[in-house]
Number of protein chains: 2
Amino acid sequence: MNNEQVDQVLIALRRIIRAIDLHSKKLVQQYGVTGPQALVLKRIIDYKEVPAGILARDVNLSQATVTSILDRLERHDYVQRIPSQDDKRKVLVRATPAAVKIFENAPPLLQEEFISAYKKLENWEQNLILSTLQRIASMMDAKEIEASPFLTIRDATE
Amino acid sequence: MNNEQVDQVLIALRRIIRAIDLHSKKLVQQYGVTGPQALVLKRIIDYKEVPAGILARDVNLSQATVTSILDRLERHDYVQRIPSQDDKRKVLVRATPAAVKIFENAPPLLQEEFISAYKKLENWEQNLILSTLQRIASMMDAKEIEASPFLTIRDATE
DNA sequence: AAATATTGCTTCGTATACGAATAATATTTT
DNA sequence: AAAATATTATTCGTATACGAAGCAATATTT
C-alpha cells in the first residue's frame with residue numbers, strides 16, 4: 001500500500017537517471033566527451049595533476065570505473081598518465097591542452113533546460129530541491145557506512 | 001557562481017545513482033535478481049502477460065535495454081517469451097512460478113533503510129520528496145518532448 | 001631482514017543503458 | 001492490391017558501473 005509511493009519514488013529516480021544518460025549522449029556529440037568523462041575531466045583540470053584514486057573519491061565513482069573513463073580520455077588525448085615519482089603505485093593524471101579547450105565552451109554537466117529552469121527558481125525553492133536530494137542520498141547510503149565494516153570482520157582468514 | 005549549486009545537485013544525484021546501483025548488487029546476491037530485473041519482473045507479474053514495449057514505457061527504459069534484461073531473465077527461467085498471435089511483431093512476456101516465488105519475499109526495490117526511513121516520515125514530507133523528484137524529472141526531460149518529433153501530439157492520443 | 005599487510009591501480013567478468021540499424025509485421029496511402 | 005510508412009522487438013557497438021582478483025610498490029609487524 002504505502003509501497004506504491006516508494007515505487008513512484010523509484011520511477012521518478014529512473015526518469016532522472018535516464019535524462020542524465022540521454023544528456024550524456026548529447027554531450028559527446030557536441031563536445032566530444034560524455035557526462036562522466038566531462039565530470040572527471042573538469043576535476044582533473046582543477047587539480048592540474050591528481051592521483052586517480054583521489055578523483056574516484058571526488059566524483060563518487062569506484063576506482064575501476066575511473067580507470068576505464070581514464071582509458072578513454074587517454075585514447076582521445078584528453079589526459080596523460082604520469083607514473084608518480086615518490087610513490088610508484090600512484091598514477092598522476094594531467095589534462096592536455098585539447099581538454100582545456102573543451103571547457104572553454106563550458107559544456108553543461110546537466111541539461112541546459114534544467115539548469116536554466118533551476119536558476120529561475122526562487123532561492124528557497126532551489127534550496128529545497130538540493131536539500132531534498134541530499135537527504136535522499138543520505139537516506140540511501142547511510143547504511144553502507146554502518147554496515148560494511150561489521151560484515152567483513154568475522155572472516156579474518158580471508 | 002550559481003553553477004556551484006547546480007554542481008551540487010549533480011553530485012547529490014550521482015550519490016543517489018550509485019546507492020541504487022550498489023543496492024542492485026546486493027539484491028542479486030540475496031534474491032537472484034538485480035534492481036532493474038526486479039523492477040521489470042514485478043511489472044510483468046502485475047500484468048500477467050505484457051508486450052515488451054509496454055514494459056519499457058512503464059519502467060522508463062529503452063526497448064533495447066528491456067530486451068537485454070529480458071534475455072537474462074529468460075536465461076534464468078524467470079520469464080517466458082510468447083510470440084503474440086494477433087500481432088506477430090509483438091512478443092508477450094510472462095513470469096514463471098520461480099519468479100513469482102521471488103516476490104513472495106518482497107525484495108526491496110530500494111534499500112530497506114531508505115524505505116523504512118521514508119515510511120516513518122510525515123505524510124506531507126513523503127509527498128514533498130516525491131513531488132520534488134517528479135519535478136526534477138520533468139525539468140530534465142521536458143526538452144525531450146519538445147525536441148522529439150512525434151511526442152508533442154501525444155496529450156490526447158494515448 | 002623477512003614476513004605480512006596494505007595501498008593504488010589495472011584487468012576481468014557481468015549487468016545496465018542507449019541510439020542506430022535491422023528484420024518482421026501492420027497500417028496507411030496511392 | 002501494391003507501395004510507402006509505421007511499429008515492435010532484436011542485434012550491434014559503445015560507454016558506464018561495480019566487485020573481485022591480480023600485481024606491484026610501500027608500509028608495518030615480527
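Each chain gets a letter, A, B and so on, in the order the sequences are listed, and its residues count up from 1.
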Point to revise | Separation of atom CD in B/E74 from atom P in D/dA9, rounded to whole Å | key: 14 Å

Point to revise | Length of the CG-C1' vector between A/D86 and D/dA27, whole Å | key: 15 Å

Review point. Want to settle it: does A/N60 or A/D87 sit nearer the 5' end of DNA chain D, counting the closest nucleotide to each?
Key: A/N60

Exercise for review: Determine, for A/D71 against A/R81, whether the closest basic-nitrogen to carboxylate-oxygen distance falls under 4.0 angstrom.
Suggested key: yes

Check your understanding: In whole angstrom, what separates B/K26's NZ from D/dA20's C1'?
Key -> 16 Å

Review point. Starting at CD1 of B/I17 and ending at P of C/dC18, how long is that distance when rounded to a whole Å?
Key: 12 Å

**Study point:** Nearest-Å distance for atom pair CD/P, residues A/Q85 and D/dA25
**Key:** 13 Å

Review point. Is A/D21 salt-bridged to A/K25, cutoff N-O under 4.0 Å?
Key: yes

Check your understanding: Is there side-chain contact between B/P108 and B/L27, with at least one heavy-atom pair below 4.5 Å?
Key -> yes

Check your understanding: So what's D/dT30 paired with, Watson-Crick or G-U wobble, going by both distances under 3.5 Å?
Key -> C/dA1

Practice item. Say whether, by atom type as modelled, one donor and one acceptor occur between the side chain of B/S84 and the main chain of B/K90 under 3.5 angstrom. Key: no

Check your understanding: Do you see a donor-acceptor pair shorter than 3.5 Å between the side chains of B/Y118 and A/Q5?
Key -> yes

Check your understanding: What is the distance, rounded to the nearest whole Å, between atom NZ of B/K90 and atom P of D/dT7?
Key -> 12 Å

Revision key, fill the gap. Here the distance between atom C1' of D/dA17 and atom CZ of B/R15, to the nearest Å, is 18 Å

Review point. Are A/E112 and A/K26 within salt-bridge range, i.e. N to O under 4.0 Å?
Key: no

**Study point:** A/L70 CG to C/dC9 C1', straight-line distance once rounded to whole Å
**Key:** 10 Å

Review point. What does nucleotides 11-16 of chain D look like as a protein-contact string, B for base, S for sugar-phosphate only, - for none, at under 4.0 angstrom between heavy atoms?
Key: B---SB

Check your understanding: Just by distance, with hydrogens left out, do B/S68 and B/R72 show a side-chain donor and acceptor under 3.5 Å apart?
Key -> yes

Check your understanding: When you check the phosphate oxygens OP1 and OP2 of C/dT27, does a side-chain N or O of B/R89 lie under 4.0 Å from one of them?
Key -> no

